[in-house]
Amino acid sequence: MKYLTKEWYETCQQTGLHFGLRVHKEAASLDEGLFQRLYKRKENEHVKQEREIYDTDPRFMLEHDGQVLTRADKAFSGEEVTEDDQIVYHMPPEERAHIEKLIAEYDVRPAFDVKRCKEKYKEAMEWNSQYHAEKLPPDIVNQIADIRVFALGYCTRQVLRQLKKKSAESTQEMELIGQAYREAMLNQNIADEIKRRVQFHDCEVTELLAADDLVIRLDNRGGFTEMNKLTLIAPEILKQEGEIVGSHWLYQELYRIDQGYELHVLLDGEPMPELIVRCSDIIAEIE
C-alpha cells in the first residue's frame, strides 16, 4: 500500500479519542470506591437497556403491512392527494415469515438473564480497559490514574484536552493522506467498471488459490457487493504478508501498469495482512 497503509489505518484509530468521555473531578487519583460506584451505575444502565431490547415485542414490525403510503412530493406539497398518489404496502411473504418466526421465539423466550447480562458486561469492560491501555498514546495513558474508570467514560479535564488535540491532529493527517489517495486513483486512467470489480470492503477472504491465475473467494455477507469470487489473470505476487485467509478485506489501491493492473489490498488482523499482485486482467463474479 502506498497511501492506505497500516500506519494510516492506525492514524484513523487515533481520531475521536475523546468521544463519549466526561470530565470527573475525582478521576485524577486511583480510588477503588469511585470505580465501584461508577461501575455499578453503568452496569445498571446497561442491564436496563438490554432488558428493554429483550422485551421488545417484534409484532410492531407487522404494522407496516397494508399501510397506505403517499408520494413524498405530494405529501409535502400541500396539494390534494388522490388515489393515484398512494400505494398500499404489502410485505413480501419471506419478510413476514421471518417476523412471524421472531414472534414465535419471543412468545416462548425464557426470563431475562440478569446474571448473564452482568457477566457479559464485565467481560466487555475488561476488554475495553485493555484496548484503551494498548491503543491510546502512551504519554496519555501514563496520566490516567485508573484505566478502568477511563473505560467507563470518565477522565480528568487535562486528559480530555490532550485527547481532543491528538484526535484533531490525527484527523488532519488522515484527511490529507485520503485526499492524496483519491487524487492518485483518479490519475490511474482505470475504467469505473474495473474499479467496481475490487470493491470488497468488509468481506471475509475464505480462499486464496495461486496457480495460472490467482483466485480469491470471499464471504460477502458483511460487505456491500454481490460478487464473491475475484480472479486475477496471469498474476505476479509482489507481496503476501500475514494470514490473508480468514481476514476481512478493508481497503484497496488499484494502479494501471503497462501490462495490466497492480492491486494492493490491506486486510484486518493483528498484524494486518497485506497483498500486492500484478495481473493482466481482473474478473469479479458471483459463484
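In what follows, residues are counted from 1 in the order of the sequence shown. Values reported hereafter were calculated over all heavy atoms of this structure, with side chains retained and with hydrogens, waters and symmetry mates removed.
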State the [atom1]-[atom2] distance between [X] and [Y], to the nearest 0.5 angstrom.
{"X": "Lys48", "Y": "Cys117", "atom1": "NZ", "atom2": "SG", "answer": "13.5 Å"}
{"X": "Lys120", "Y": "Lys115", "atom1": "NZ", "atom2": "NZ", "answer": "15.0 Å"}
{"X": "Gln240", "Y": "Ile237", "atom1": "CD", "atom2": "CD1", "answer": "5.0 Å"}
{"X": "Ile140", "Y": "Leu163", "atom1": "CD1", "atom2": "CG", "answer": "4.5 Å"}
{"X": "Leu17", "Y": "His132", "atom1": "CG", "atom2": "NE2", "answer": "9.0 Å"}
{"X": "Leu275", "Y": "Leu232", "atom1": "CG", "atom2": "CG", "answer": "7.5 Å"}

Under-4.0 Å salt bridge between [X] and [Y]:
{"X": "Lys101", "Y": "Glu105", "result": "yes"}
{"X": "Lys40", "Y": "Glu43", "result": "yes"}
{"X": "Glu169", "Y": "Lys165", "result": "yes"}
{"X": "Asp107", "Y": "Arg59", "result": "yes"}
{"X": "Lys122", "Y": "Glu119", "result": "no"}

Side chains of [X] and [Y]: closer than 4.5 Å at any heavy-atom pair?
{"X": "Leu136", "Y": "Phe150", "answer": "yes"}
{"X": "Ile282", "Y": "Leu254", "answer": "yes"}
{"X": "Arg96", "Y": "Ile99", "answer": "no"}
{"X": "Val23", "Y": "Thr156", "answer": "no"}
{"X": "Gln252", "Y": "Leu266", "answer": "no"}
{"X": "Lys164", "Y": "Phe19", "answer": "no"}

Take atom [atom1] in [X]; do more than 12 heavy atoms of anything else shown fall under 6.0 Å from it?
{"X": "Lys195", "atom1": "NZ", "result": "yes"}
{"X": "Arg157", "atom1": "CZ", "result": "no"}
{"X": "Glu243", "atom1": "CD", "result": "no"}

Quick one: side-chain hydrogen bond (donor to acceptor under 3.5 Å, both in side chains) partners of His90, sequence neighbours excluded?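 Counting only residues at least two positions away or on another chain, His90 forms no side-chain hydrogen bond (donor to acceptor under 3.5 Å, both in side chains).
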Check side-chain hydrogen bond (donor to acceptor under 3.5 Å, both in side chains) between Lys239 and all other residues, then give those that pass, not counting sequence neighbours.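 With neighbours one apart ignored, the set is Glu274.
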Which residues pass the ring-ring contact (aromatic ring centres under 6.0 Å, His included) test with Tyr106, sequence neighbours left out?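 Tyr106: no ring-ring contact (aromatic ring centres under 6.0 Å, His included) contacts found.
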Test of understanding: with ring-ring contact (aromatic ring centres under 6.0 Å, His included), list the residues that count as partners of His46, not counting sequence neighbours.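 His46 satisfies ring-ring contact (aromatic ring centres under 6.0 Å, His included) with Tyr121 once adjacent residues are dropped.
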Using atom types as modelled, flag every donor-acceptor pair under 3.5 Å from a side chain in residues 214-223 to any protein atom, sequence neighbours excluded.
from   : atom 1 : to     : atom 2 : distance (Å)
Arg217 : NE     : Glu287 : OE1    : 2.7
Arg217 : NE     : Glu287 : OE2    : 3.3
Arg217 : NH1    : Glu207 : OE1    : 2.8
Arg217 : NH2    : Glu287 : OE2    : 3.0
Asp219 : OD1    : Arg221 : N      : 3.1
Asp219 : OD1    : Arg221 : NE     : 3.0
Asp219 : OD2    : Arg221 : NE     : 3.2
Asp219 : OD2    : Arg221 : NH2    : 2.6
Asn220 : ND2    : Thr225 : O      : 3.3
Asn220 : ND2    : Glu226 : O      : 3.0
Asn220 : ND2    : Met227 : O      : 3.3

If I compare all heavy atoms of [X] with all of [Y], which pair ends up nearest, and what's the gap?
{"X": "Leu267", "Y": "Ser247", "value": "CB-CB, 4.0 Å"}
{"X": "Ala211", "Y": "Pro235", "value": "O-CG, 4.4 Å"}
{"X": "Tyr154", "Y": "Arg41", "value": "OH-NH1, 3.4 Å"}
{"X": "Tyr89", "Y": "His64", "value": "CD2-O, 3.1 Å"}
{"X": "Ala180", "Y": "Tyr3", "value": "CB-CE2, 3.8 Å"}
{"X": "Phe224", "Y": "Asp202", "value": "CE1-OD2, 4.1 Å"}

Side-chain donor-acceptor pair present, [X], [Y], cut-off under 3.5 Å:
{"X": "Gln130", "Y": "Glu134", "value": "yes"}
{"X": "Arg161", "Y": "Gln158", "value": "no"}
{"X": "His98", "Y": "Glu95", "value": "no"}

Qualifying salt bridge (Lys or Arg N to Asp or Glu O under 4.0 Å) pairs, either residue in residues 1-10, two or more places apart: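 Matches after skipping sequence neighbours: Lys6-Glu241.
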Sequence neighbours excluded - salt bridge (Lys or Arg N to Asp or Glu O under 4.0 Å) pairs with any residue from residues 137-156: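 Salt bridge (Lys or Arg N to Asp or Glu O under 4.0 Å) check on residues 137-156 returns Glu32-Arg148, Asp146-Arg148.
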In terms of hydrophobic clustering (I, L, V, M, F, W, Y; side-chain heavy atoms under 4.5 Å; direct or indirect links), are [X] and [Y] co-clustered?
{"X": "Phe200", "Y": "Ile194", "result": "yes"}
{"X": "Leu209", "Y": "Val245", "result": "no"}
{"X": "Val277", "Y": "Val205", "result": "yes"}
{"X": "Ile244", "Y": "Trp249", "result": "yes"}
{"X": "Tyr181", "Y": "Met1", "result": "yes"}

Centroid separation under 6.0 Å, is that true for the rings of Tyr251 and Trp8?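 Under 6.0 Å, so yes.
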With sequence neighbours left out, what residues match Glu285 under salt bridge (Lys or Arg N to Asp or Glu O under 4.0 Å)?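 Lys229.
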Glu175: what forms a side-chain contact (heavy atoms from CB on, under 4.5 Å) with it, not counting sequence neighbours?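 So Glu175 forms a side-chain contact (heavy atoms from CB on, under 4.5 Å) with Thr171.
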Apply side-chain contact (heavy atoms from CB on, under 4.5 Å) to Gln86 and list each qualifying residue two or more places apart in sequence or on a separate chain.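 Partners of Gln86 under the side-chain contact (heavy atoms from CB on, under 4.5 Å) test: Val68, Thr70, Val81.
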Could you check whether the rings of Trp127 and Tyr131 sit parallel, tilted or perpendicular, using 30° and 60° as the cut-offs?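 Correct class here is parallel.
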Which pairs count as side chain to side chain donor-acceptor pair (under 3.5 Å) when at least one residue sits in residues 11-25, sequence neighbours excluded?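 Applying side chain to side chain donor-acceptor pair (under 3.5 Å) to every pair that reaches into residues 11-25, excluding sequence neighbours, yields His18-Ser167.
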Quick one: side chain to side chain donor-acceptor pair (under 3.5 Å) pairs with a partner in residues 255-271, sequence neighbours left out?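 Listed once each, the pairs are Glu253-Tyr255, Glu262-His264, Glu262-Arg278.
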Where the side chain of Arg197 meets the backbone of Ile283, is there a donor-acceptor pair that is under 3.5 Å apart?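 Checked: no pair found.
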Main chain of Glu183, side chain of Asn187: is a donor-acceptor contact present, judged purely on distance under 3.5 Å?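 Yes; judged by distance alone, with no hydrogens or angles, the pair exists.
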